[in-house]
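Working notes, structure below.
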Amino acid sequence: MAEPSLDALIEALRRLPGVGVKSAQRMAFHLLQHDREGAQRLAASLQGAVKNIRHCERCHTFTESPVCSTCLDATRDSRLLCVVESPADQAALERTGSYRGLYFVLMGKLSPLDGVGARDIGLGQLLQRVGDGSVDEVIVATNFTAEGEATAHVISEAMKSRGLKVTRLARGVPIGSELEYVDLGTIAHALSDRR
């Protein structure tokens with residue numbers, strides 16, 4: 001017996017990353033059977049976020065204001081600009097408490113096989129952002145995947161051609177790990193990037 005509202009809920013939940021049919025069904029059944037109040041809160045929160053959240057005019061992250069609080073923070077070092085793939089990556093860097101510069105959020109990464117090019121990830125906006133003369137160093141903090149490395153290369157070349165200093169996040173052996181258990185690629189990068 002198919003119920004259109006239930007089927008629509010399951011299909012909506014399947015849009016989340018990593019959620020298949022069975023997981024979506026479990027979530028839908030849980031919300032409807034055990035937590036209808038939670039379902040109402042979830043629906044209201046989603047509607048509010050979709051209505052109120054936009055991209056920051058300067059860095060592209062999510063914000064409810066035209067310019068986000070990080071970009072407006074006068075205590076941040078405007079000479080440093082860290083380029084990340086997503087707001088989640090920005091949040092991870094912020095949680096470290098060790099970076100006090102500004103950000104630019106690409107909202108993606110280059111992926112030619114998926115049809116994602118430089119225009120799709122905001123490279124033009126990034127070039128405008130660094131063109132104001134206030135940025136001295138661009139820190140490329142894309143992920144260490146094939147797509148992230150390609151994105152980092154394109155950004156680095158574009159920044160270097162404009163005379164900017166470009167650095168890349170270091171990579172290597174994680175703190176607290178034992179070498180015999182670290183994969184060979186990580187060890188090789190740690191050796192070549194040693195300081």
Side-chain angles (χ1 to χ4, degrees), residues 1-78 80-111 113-117 119-126 128-129 139-148 151 169 174-176:
M1 175 170 79
E3 298 297 329
S5 296
L6 180 58
D7 290 343
L9 175 59
I10 291 168
E11 282 304 309
L13 290 168
R14 284 189 61 203
R15 296 181 70 97
L16 295 170
V19 177
V21 175
K22 289 190 182 215
S23 293
Q25 285 175 335
R26 277 195 301 276
M27 287 186 249
F29 292 147
H30 171 79
L31 289 168
L32 295 173
Q33 185 175 356
H34 300 293
D35 195 6
R36 286 197 176 238
E37 181 184 333
Q40 292 288 346
R41 287 182 61 199
L42 179 62
S45 296
L46 281 169
Q47 285 181 329
V50 169
K51 179 182 175 189
N52 297 318
I53 300 294
R54 64 175 65 133
H55 292 287
C56 173
E57 293 172 358
R58 295 202 71 213
C59 76
H60 250 207
T61 198
F62 292 135
T63 182
E64 290 189 29
S65 305
V67 178
C68 73
S69 60
T70 302
C71 287
L72 292 174
D73 185 348
T75 66
R76 309 272 313 195
D77 187 347
S78 63
L80 297 175
L81 186 68
C82 184
V83 180
V84 295
E85 291 179 19
S86 71
D89 296 336
Q90 177 186 2
L93 286 168
E94 279 297 288
R95 283 193 303 273
T96 70
S98 61
Y99 178 69
R100 297 299 303 158
L102 297 174
Y103 294 93
F104 187 86
V105 182
L106 295 169
M107 293 294 177
K109 58 190 173 258
L110 293 177
S111 181
L113 294 176
D114 297 321
V116 179
R119 288 186 181 140
D120 302 310
I121 62 166
L123 189 57
Q125 293 96 324
L126 173 59
Q128 286 177 340
R129 172 71 182 82
I139 303 164
V140 182
T142 56
N143 292 313
F144 290 103
T145 61
E147 294 89 352
T151 305
L169 282 187
I175 294 175

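Side-chain atoms are counted along with the backbone in the values below, which use heavy atoms only and exclude waters and symmetry mates. All residue numbers in this chain count up from 1 along the given sequence.
A donor-acceptor pair is defined here as one N or O able to donate and one able to accept, closer than 3.5 Å; no such pair exists between the side chain of Tyr103 and the backbone of Thr70. Side-chain atoms of Asp120 come within 3.5 Å of backbone atoms of Gly117 as a donor-acceptor pair (strictly under, hydrogens ignored).
Residues Cys59 and Leu102 have side chains not in contact (no heavy-atom distance under 4.5 Å, counting atoms from C-beta outward). Using a 4.5 Å heavy-atom cutoff, the side chains of Phe62 and Met107 are in contact.
Qualifying salt bridge (charged side-chain N to carboxylate O under 4.0 Å, His left out) partners for Asp77, counting only residues two or more places apart in sequence or in other chains: Arg79. Residues satisfying the salt bridge (charged side-chain N to carboxylate O under 4.0 Å, His left out) test with Arg76, not counting sequence neighbours, are Glu94. Checked against ring-ring contact (aromatic ring centres under 6.0 Å, His included), Phe144 has no partners two or more places apart in sequence or in another chain. Among residues two or more places apart in sequence or in another chain, the side chain to side chain contact (heavy atoms under 4.5 Å, CB included) test is passed with Glu85 by Asp89, Lys109, Thr142, Asn143.
Listed by first then second residue, pairs satisfying salt bridge (charged side-chain N to carboxylate O under 4.0 Å, His left out) with a partner in residues 50-74 read Arg58-Asp132, Asp73-Arg100, not counting sequence neighbours.
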- Worked check of side chain to side chain contact (heavy atoms under 4.5 Å, CB included) between Asp7 and Ser5: CA-CA 5 Å; Asp7 290 343; Ser5 296; over 6 Å; no
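Aromatic ring orientation, His60 versus His55: tilted (interplanar angle from 30° to 60°).
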Cut-off 3.5 Å, no hydrogens considered: what does the side-chain donor-acceptor table look like for residues 17-34, sequence neighbours left out?
{"unit_1": "Ser23", "atom_1": "OG", "unit_2": "Arg26", "atom_2": "NH2", "d": "3.2"}

